[in-house]
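Just so it is clear, the structure is predicted and the values come from calculations on it, not from any experiment.
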Amino acid sequence: MIVRALRERPMNMNELAKQLDLDFKTVKYHLDILREHGMVEKIGNGYGAVYVISKILQKYWNYLEQC
């Protein structure tokens with residue numbers, strides 16, 4: 001869900017939580033894991049930091065959709 005939303009457009013944690021109707025802490029937890037594994041990247045710092053899907057994930061997106 002998170003990577004699909006970020007594929008549409010970059011968002012900060014608060015925007016993701018609202019769009020996906022999830023708790024902010026839940027979104028933060030999962031974004032931290034996705035960053036740790038190189039699937040998303042953080043642009044900026046603090047509250048306004050925006051997340052995007054990584055170039056690697058973009059490259060293999062079609063393959064992942066088939067799984």
Side-chain angles (χ1 to χ4, degrees):
M1 288 177 22
I2 290 175
V3 292
R4 287 178 195 254
L6 291 177
R7 186 167 187 248
E8 292 178 21
R9 71 177 180 87
M11 288 184 252
N12 66 30
M13 283 192 272
N14 193 47
E15 291 171 317
L16 276 167
K18 285 182 182 179
Q19 181 172 332
L20 301 174
D21 195 28
L22 296 171
D23 183 72
F24 180 85
K25 290 180 182 181
T26 301
V27 171
K28 181 183 180 331
Y29 172 79
H30 288 286
L31 281 172
D32 288 345
I33 291 172
L34 289 167
R35 279 185 67 208
E36 185 177 313
H37 293 287
M39 297 183 77
V40 299
E41 298 172 0
K42 180 179 174 184
I43 301 172
N45 294 310
Y47 180 76
V50 174
Y51 292 82
V52 297
I53 62 172
S54 69
K55 294 189 185 328
I56 294 170
L57 187 56
Q58 289 175 22
K59 181 177 178 179
Y60 293 105
W61 187 264
N62 290 335
Y63 173 76
L64 293 171
E65 285 285 304
Q66 294 173 3
C67 294

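- With contacts defined as side-chain heavy-atom distances shorter than 4.5 Å, the pair Leu16/Leu31 qualifies.
- Taking the side chain as every heavy atom from C-beta outward, Met11 and Val50 never approach each other to under 4.5 Å.
- Between the side chain of Glu15 and the backbone N or O of Asn12 there is at least one donor-acceptor pair closer than 3.5 Å.
- Minimum heavy-atom separation, Met13 to Val27: O-CG1, 3.9 Å.
- The hydrophobic clustering, which links ILVMFWY residues whose side-chain heavy atoms are closer than 4.5 Å, places Val40 and Tyr63 together.
- Remark: His30 NE2 to Leu20 CG distance equals 11.0 Å, nearest 0.5 Å.
- Other residues, nucleotides and ligands contribute more than 12 heavy atoms inside 6.0 Å of the CZ atom of Phe24.
- Hydrophobic clustering (ILVMFWY, side-chain heavy atoms < 4.5 Å, transitive): Leu34 and Trp61 are in one cluster.
- Between Ile53 atom CD1 and Lys59 atom NZ the span is 14.0 Å, to the nearest 0.5 Å.
- Under the 4.5 Å side-chain heavy-atom criterion for grouping Ile, Leu, Val, Met, Phe, Trp and Tyr, Ile2 is not connected to Tyr29 through any hydrophobic cluster.
- We find that Arg4 and Glu65 are joined by a salt bridge, their nearest charged nitrogen and carboxylate oxygen being less than 4.0 Å apart.
- In this structure, the side chain of Ser54 engages the main chain of Gly38 through a donor-acceptor pair within 3.5 Å.
- Environment of CG in Asp23: crowded, with over 12 heavy atoms of neighbouring residues, nucleotides or ligands closer than 6.0 Å.
- Side-chain contact between Lys28 and Asp32 is present, with heavy atoms from C-beta onward closer than 4.5 Å.
- Following chains of ILVMFWY side-chain contacts shorter than 4.5 Å, one cannot reach Tyr51 starting from Ile56, and the two form parts of different hydrophobic clusters.
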ask   = Under the side-chain contact (heavy atoms from CB on, under 4.5 Å) criterion, do Val3 and Leu64 qualify, and how do the steps go?
value = CA-CA 11 Å; Val3 292; Leu64 293 171; over 6 Å; no

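- Residue Leu22 comes nearest to Met1 through the heavy atom pair CD1-CE, 4.1 Å, listed as atom of the first residue, atom of the second, then distance.
- Annotation for Lys42: atom NZ counts as buried by contact number, over 12 foreign heavy atoms lying within 6.0 Å.
- Using a 4.5 Å cut-off between side-chain heavy atoms of Ile, Leu, Val, Met, Phe, Trp and Tyr, with links allowed through other members, Val52 and Met39 fall into different hydrophobic clusters.
- Within 6.0 Å of atom CD1 in Ile33, more than 12 heavy atoms from other residues, nucleotides or ligands are found, so the atom counts as buried in its surroundings.
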